[in-house]
Amino acid sequence: MTAGRAAPERAARGRHRLGAWLSAGAVAVAALLTASSHAGTDDGGPAPAGRAVLRVLQYNLCGAAAHCWWNAGRSGPGTSVARLAEEAARLRPDLVTVNEICLTQYARLKDRLARAGWRMDGTYASSQDNVPACGRTGVFGSAVLSRGDVPDGRRDYLRFAHTGGETSTNGGRTVAVRRGLLCAHTVFHGHPLIACTAHTNARAPEQLREIRDRLDAFPASTPVVLAGDLNLPPEAPALSYLRDRFVEGRTAPGEATAGGRTIDHAFASRRHFTVRSAGVRTYPESDHALLRAEFTLRNRGM
C-alpha cells in the first residue's frame, strides 16, 4: 500500500486500533504488545556448535500514511522509528529491512541506532516523491540496514517493469509509484552477503518473478536474504517463484503480520541457510507486526 491511497478496510482497521490505543491511555500501550516465536519451517532449535546465526528484522513502519497520523514522517517517542530503534537495540539483529519509511526517517533511524549502541550501515530507495509528511522532498520508500558495512555509492535498486498501473495522489500531484527490489551488498562474519527488501504490489504478482530473476543473477556462492512486505499470503502462487531457491522463516499458523493476514516475509538462500526460528511482535505504532527471523549458516565458510 502506498502513502497516497489507503484502502477503506485498512483505514477502518487504523481507526479501530487508534481508538483502542487512545482509550487505554499511555500506561496501557505496553500491554498491547504481543510476542510469539516458533521454530520456523526448517531445522529449528539451537544452532550447531560453530554455526553462525543470522538475525533479521522486517518492519513496515506505516511511516507516513494518514491512518498512522502519529508517525506522519516523525521519528520521536511514540513513533514506529523510535519503536524499531528500541527493539533493534534489544534484539541485536544483523539485518533490518524497512518499508513505508521517509528518507528523513531513515536518517533518524540510523542515528537512533548509533546512539543506542547498535550502529548499522544501510541503503535507501524511493518509490515516490510526493508524500507531504516526508518533508520538503516528499521522498518515501524502503531501506536495508546491516551491521556489516554497506559501500557508499553502490546502491542496487531494480525498479519493477510491472507496476500494475499504480499511482499516488498527494497535494494535488499524481505520480507513478515505482516499487522495486533494493539490495545491500554487505558482509556477515567476514564473508559477502546480499540483503534485499521489496514492498510489492498485490495487483502486480509479476513483480515476484522480477525479484526471482534478479536474485538468480547474483553469484550462486553468495548468500542472499530477502525480507519485506510482499502483500501476498503464504499460499499465493507468486511466492512459488522464490521457494525453490530459498527457505522461509514462517510464522506459526494463524499468526498475522497485517490486517489478519501474513503478508510480510523473510527468506534466505537454501544453499547457505536453514531456518532456526521466526516470530512476530505487534505494537501500536504501526499497522504491521515486527517480523523476526533467524537463519543458521549451513557451514562456517559459506
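From a predicted model like this one, the values you see are computed outputs, not experimental measurements.
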Any non-hydrogen side-chain atom of [X] less than 4.5 Å from a side-chain atom of [Y]?
X      : Y      : value
Phe160 : Asn201 : no
Leu54  : Leu193 : yes
Leu95  : Gln58  : no
Pro234 : His265 : yes
Tyr241 : Ile211 : no
Val280 : Thr262 : no
Tyr124 : Ile101 : yes
His67  : Cys62  : yes

[X]: what forms a salt bridge (Lys or Arg N to Asp or Glu O under 4.0 Å) with it, not counting sequence neighbours?
X      : answer
Arg261 : none
Arg173 : Asp129
Arg119 : Asp149

So which heavy atom on [X] is nearest to which on [Y], and how close?
X      : Y      : answer
Thr186 : Ser146 : OG1-OG, 2.8 Å
Val96  : Leu84  : CG1-CD2, 4.1 Å
Tyr157 : Arg179 : OH-C, 3.4 Å
Ala64  : Phe140 : CB-CE1, 3.8 Å
Asp264 : Ala258 : OD1-CB, 4.4 Å
Gly260 : Ala256 : C-CB, 3.4 Å

Looking at [atom1] of [X] and [atom2] of [Y], how far apart are the two atoms once the value is rounded to the nearest 0.5 Å?
X      : Y      : atom1 : atom2 : result
Leu61  : Thr79  : CG    : OG1   : 8.5 Å
Ser286 : Trp70  : OG    : CH2   : 8.5 Å
Gln207 : Arg159 : CD    : CZ    : 12.5 Å
Leu208 : Asn231 : CG    : CG    : 10.5 Å
Leu297 : Arg51  : CG    : CZ    : 8.5 Å
Glu294 : Ser277 : CD    : OG    : 3.5 Å

According to a hydrophobic-cluster definition based on side-chain heavy atoms being under 4.5 Å apart (Ile, Leu, Val, Met, Phe, Trp, Tyr only), do [X] and [Y] belong together?
X      : Y      : result
Tyr106 : Val144 : no
Val177 : Leu232 : no
Ile263 : Tyr283 : no
Val139 : Leu109 : yes
Phe188 : Val225 : yes

Could you walk me through whether Leu113 and Leu145 pass the side-chain contact (heavy atoms from CB on, under 4.5 Å) check? CA-CA 10 Å; Leu113 288 168; Leu145 296 101; 4.1 Å; yes
Among Asp229, Asp287, Thr257, find the residue that satisfies the side chain to side chain donor-acceptor pair (under 3.5 Å) test when tested with Asn60. Asp229
[X] side chain to [Y] main-chain N or O, any donor-acceptor pair under 3.5 Å?
X      : Y      : value
Gln128 : Val175 : no
Arg74  : Trp69  : yes
Ser80  : Gly63  : no
Asn130 : Ser168 : yes
Trp118 : Arg147 : no
Arg276 : Arg55  : no
Arg271 : Ala220 : yes
Gln105 : Val81  : no
Thr282 : Ala289 : no

Scan Thr197, Asn99, Thr200 and name whichever one has a side chain to side chain contact (heavy atoms under 4.5 Å, CB included) with Leu230.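 Running side chain to side chain contact (heavy atoms under 4.5 Å, CB included) over Thr197, Asn99, Thr200 with Leu230 returns exactly one hit, Thr200.
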Heavy-atom count around Arg92 CZ within 6.0 Å, excluding the residue itself: above 12? no
Could Asp244 and Arg212 be called an ion pair, given the rule that one side-chain N must be under 4.0 Å from one carboxylate O? no
Under the ring-ring contact (aromatic ring centres under 6.0 Å, His included) rule, collect the residues that match up with Phe218, sequence neighbours excluded. His185
Listed partners of Arg90 passing side chain to side chain donor-acceptor pair (under 3.5 Å), at least two apart: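 Testing Arg90 for side chain to side chain donor-acceptor pair (under 3.5 Å), a comparison that skips the adjacent residues, returns Glu87.
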Glu100 and His199: side-chain contact (heavy atoms from CB on, under 4.5 Å), yes or no, with the steps? CA-CA 8 Å; Glu100 292 196 22; His199 183 199; 3.3 Å; yes
Could you pull out all residues at least two apart from Ser240 that satisfy side chain to side chain contact (heavy atoms under 4.5 Å, CB included)? none
Dump the intermediate steps for side-chain contact (heavy atoms from CB on, under 4.5 Å) on Val247 and Phe267, then the final yes or no. CA-CA 6 Å; Val247 293; Phe267 296 90; over 6 Å; no
Evaluation steps, side-chain contact (heavy atoms from CB on, under 4.5 Å), between Leu215 and Ile194: CA-CA 9 Å; Leu215 299 184; Ile194 299 173; 5.7 Å; no
